[in-house]
Amino acid sequence: MTSDKKVRVRFAPSPTGPLHMGGVRTALYNYLFAKHHGGDFILRIEDTDRERFVPGAEAYIIESLKWCGIEPNEGLGFGDGPHTPYRQSERKEKGLYRGYAEKLVADGFAYYAFDTREELEEMRKKLEAAKVASASYNSVTRQNMKNSLTLSEDEVKTRLERGDAYVIRIKIPRNEEIRVNDLIRGWVLVNSAQMDDKVLYKSDGMPTYHLANVVDDYNMKITHVIRGEEWLPSAPLHVLLYRYLGWEEAMPQFAHLPLLLRPDGNGKLSKRDGDRLGFPVFPIDWKPEGGEGASGYREAGYFPEAFINMLALLGWHPSGNQEIFTMAELIEQFSLERVSKSGAKFDPEKAKWFNQHYLRHKPAQEILSLWKPELEQKGLSLPDASLLKICGLLTEKASFIGEFTELGSYFFKAPEGYDEGVIKKRWNENAKEFAALILEKYRSAKSFDAATAENLFKESCSEAGIKPGEVMQLFRVVLTGLPGGPALFEVAEILGNDVCVERIELFLSKNA
RNA sequence: GGCCCGUUCGUCUAGGGGUUAGGACGCCUCCCUUUCACGGAGGAAACAGGGGUUCAAUUCCCCUACGGGCUACCA
């Protein structure tokens, strides 16, 4: 066990595009685990694949984590730290991987392979034609390939000196039981006969994920590797690497997280799902330089707390029935033991519900500050005191602040049309009498608040000889144009009696 | 195909050898309410199938089915 050591975990994405919500969840669980144990959370960029590198992806990852409040205390974009650099391409430049690959060769755990892509392709075709179960470069097939195990020492030397292209492959033993202890799944056993001689060092001079990952985790003193389930099949390879490098004592513990599945059908959630499903799969908007972008939760109007809360519960569950969690509560309660084993499709409806919940529990002042930029942009203004009251009323009707402007349009301007159904049903002789009465009462009101507005309304009703219920909705339509909305007299108070009078007059002018 | 992982309401999940199998979202009904929403009270809704083990299995074991992942000089 490594329990006596300070917990250190890392999130190690590849900058091959925007980080999708599954990646954010992996980062979140790493963060929660680290904080729960008073440990460190590190961000490392695994950019060993030059071909898939996407400009802007790295900045996107950093900004996403910041928006979510998942702040690494060490790593790229977060002040670096004692193990700088945190970008694998830069670590490679410093020669941090090469030596380990050479050492593995020297120790007999790896070898040089000179096969061309065509030769590899040919081998696979042959094996497939022969109906071999796994057409791979392994303990059997390597005997027929061009590598330092089959070539003479002289030829290998000549080829290396001549500068022939080569890779370094791990020499997987022929038949050995490899055991991986996964904190979520328990022991996983794999026979090495099923494994292939994975490339550790590429011909372009870059280490592959497997080598770089193990070397960095060791050097950065990582104690727990928490990553997606797609890595479970290569965990035995990593175990072997720790062993061959002589680091078995320091090997981190593994925890493979269940995958986030596509809500609509089959397969794991992928970056390509973009906006296709009708909701975002990314934390924030992705706007590549030319290419096609995709929308994010931030721009869709989600609060980071809601997004995080929703994500935390997608694959992890506390022992009780609590569903609403602050980050601090998540940190306090999180444990890998309570992470589920099976993949999760997520439900956009529930995400919305979380947002609605957080919206309702936010102070009006904070909501207003979030709404204001849109109001200013659209040239809509009212005194803050009124806006604050409007926020209070609209909060109960909306799931997102983005709905406010439309939902409360009548606070800013007189209705341009009236709900026809209500008028047809309620605009009769009695109503006309009521309208004349309330117009006068509102016009001469000395002070005006919700209670006054309601009292005057009721007086008008009784004087016109009708029940309030008969004209209540009509009156709402007169003031707002709409058949539904927040408490009517609260609305009237915010509008003020002058505006109410104007709107009654406007209505009468159009509906004589 | 091979290897690995998984399978409780539509979805996220709790639970665990004997339970009325619990909660949440969504859906439906009722109450509150001028309306809509909120809130409150209810309701419909699940242990993939087959074999074992056991007095007893949804829970443990095996098989099958289904789902997922991996199978690159990608991560």
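Per chain, numbering begins at 1; letters A, B, ... match sequence-line order.
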Exercise. If the C1' atom of U19(B) is compared with that of A37(B), how far apart are they to the nearest Å?
Worked result: 37 Å
Exercise. Considering only the C1' atoms, how many Å lie between C47(B) and C60(B), rounded to the nearest integer?
Worked result: 15 Å
With a cut-off of less than 4.0 Å, is there a side-chain N or O of [X] near OP1 or OP2 of [N]?
X         : N      : answer
Ser340(A) : U13(B) : yes
Lys202(A) : C74(B) : yes
Arg117(A) : C73(B) : no
Lys467(A) : U34(B) : no
Arg44(A)  : A75(B) : no

Exercise. Is it true that Tyr218(A) and Tyr242(A) have ring centroids separated by less than 6.0 Å?
Worked result: no
For this session: Would you please indicate yes or no on a ring centroid separation below 6.0 angstrom for Phe354(A) and Tyr302(A)?
Result: no
Problem set entry | Salt bridge flag under 4.0 Å for residues Lys92(A) and Glu90(A) | no
Please give the nucleotide sitting opposite [N] as a Watson-Crick or G-U wobble pair, both distances under 3.5 Å, or none.
N      : result
G1(B)  : U71(B)
U53(B) : none
C38(B) : none
C32(B) : none
A24(B) : U11(B)

If the plane angle is over 60° it's perpendicular, under 30° parallel, otherwise tilted; pick one for [X] and [Y].
X         : Y         : value
His357(A) : Trp353(A) : tilted
Tyr418(A) : Phe507(A) : perpendicular
Tyr244(A) : Phe109(A) : parallel
Phe404(A) : Trp371(A) : perpendicular

Problem set entry | Nearest-nucleotide pick for Gln473(A), side chain only, options being G23(B), C70(B), U35(B) | U35(B)
Does [X] reach a base, just sugar-phosphate, or nothing at all? Heavy atoms under 4.0 Å.
X         : value
Lys268(A) : sugar-phosphate
Gly228(A) : nothing
Asp115(A) : base

For this session: Nearest-nucleotide wise, let me know which of Trp231(A) and Lys198(A) is further upstream toward the 5' end of RNA chain B.
Result: Lys198(A)
Exercise. Mapping Gln194(A) and Gly484(A) onto RNA chain B by nearest heavy atom, which one lands closer to the 5' end?
Worked result: Gln194(A)
Would [X] count as a cation-pi partner of [Y], with NZ or CZ less than 6.0 Å from the six-membered ring centre and within 45° of the ring normal?
X         : Y         : result
Arg25(A)  : Tyr29(A)  : yes
Arg169(A) : Tyr111(A) : no
Lys271(A) : Phe282(A) : no

Exercise. When the distance from CG of Asp217(A) to P of A75(B) is rounded to whole Å, what number comes out?
Worked result: 15 Å
Problem set entry | Letter per nucleotide, 5' to 3', of nucleotides 4-10 of chain B [B base touched, S only sugar-phosphate touched, - untouched; heavy atoms, 4.0 Å] | SSSS--B
Could you go through nucleotides 28-30 of chain B and list every protein N or O atom that sits under 3.5 Å from one of its N or O atoms, giving the distance for each pair?
none

